[in-house]
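Notes follow once the structure below has been shown.
Just so you know, ligand 1 is whichever comes first in the structure, and atom 1 is the first atom listed for that ligand.
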Amino acid sequence: MQKKNRIILALDVKSREDALRVVGAAADSIDAVKVGWPLILAAGPDIIVEVSKLKDVICDMKIADIPSVNTLIVNQAMKRGASAVICHGFVGDDSVRACVEAAKGQAFVVTEMSHPGGKQFTAPVADKLAALAKSAGARGIVAPATRPERIADLRRIIDNLEIITPGVGAQGGKASDAIRAGADYIIVGRAIYESTDPKSAAKALADEIRQSI
Ligand code: 3DU
């Protein structure tokens, strides 16, 4: 994933056709595509293969199982062309290490989640989850664009690991605030794929980011 536009498209659409249409429209303004359960269940796992021919794919299955099963899940994603995966940290050091190893380091660990409920259980342990990501050798963490001050806090813990941040647009966060707080990439779904003009929506975000750095 080349750090050019600093946007990861969250492709939570309901069909292969929609997926290819939105990726095609937004292609010039995004650096990668995040594919998760909604699209994998709607279009089948080979959608990972197809999208990975167009853009780097981050597989977001928020993996949260025992180490042996985590390894099996990550292997399936990587086999289909994923460049990276997203896993949960609350399952513990051994489970995270299994993902990191199977993904050859290309794993992001979820810390504090961006939705209101993210404050309930994930926020109180987010600093520990970030430290775990660092010690386990992950590529980076997922941190909330809805609370840019938390991006800045977590940045201090992980040092040079990457931060990818959801919550821009539909969840209320602002791209420029998240980038200024220390995020490397914003993750954006509905603000792009629900737009009547996904190309312009993605370009507007990329322009906002460019002007903020
Ligand atoms: O709100 P959006 O439509 O821009 O989508 C956000 C995406 O980021 C979506 O795919 C969701 O699964 C993911 N995500 C969060 O929203 C919040 C998190 O804490 C972690 C991932």
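Residue pairs meeting the ring-ring contact (aromatic ring centres under 6.0 Å, His included) criterion with at least one partner in residues 134-162, sequence neighbours excluded, are absent. Residue pairs satisfying the salt bridge (Lys or Arg N to Asp or Glu O under 4.0 Å) criterion with at least one member in residues 124-133, sequence neighbours excluded, are listed as follows: D127-R150. Applying the salt bridge (Lys or Arg N to Asp or Glu O under 4.0 Å) test to every pair with at least one member in residues 69-88, sequence neighbours left out, gives these pairs: D46-R80.
Closest approach of D93 to L132, counting heavy atoms only: OD1-CD1, 3.2 Å.
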N/O to N/O under 3.5 Å, ligand 1 against protein:
from, atom 1, to, atom 2, distance (Å)
ligand 1, 1 (O), Q171, NE2, 2.9
ligand 1, 1 (O), R190, NH2, 2.8
ligand 1, 3 (O), R190, N, 2.8
ligand 1, 3 (O), R190, NE, 2.8
ligand 1, 4 (O), G189, N, 2.8
ligand 1, 10 (O), D12, OD2, 2.6
ligand 1, 10 (O), K34, NZ, 2.7
ligand 1, 12 (O), K62, NZ, 3.2
ligand 1, 16 (O), Q171, NE2, 2.9
ligand 1, 19 (O), S114, N, 3.0

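More than 12 non-hydrogen atoms from other residues, nucleotides or ligands lie less than 6.0 angstrom from NZ of K134. Around the NZ atom of K53, the shell of radius 6.0 Å holds no more than 12 heavy atoms that belong to other residues, nucleotides or ligands.
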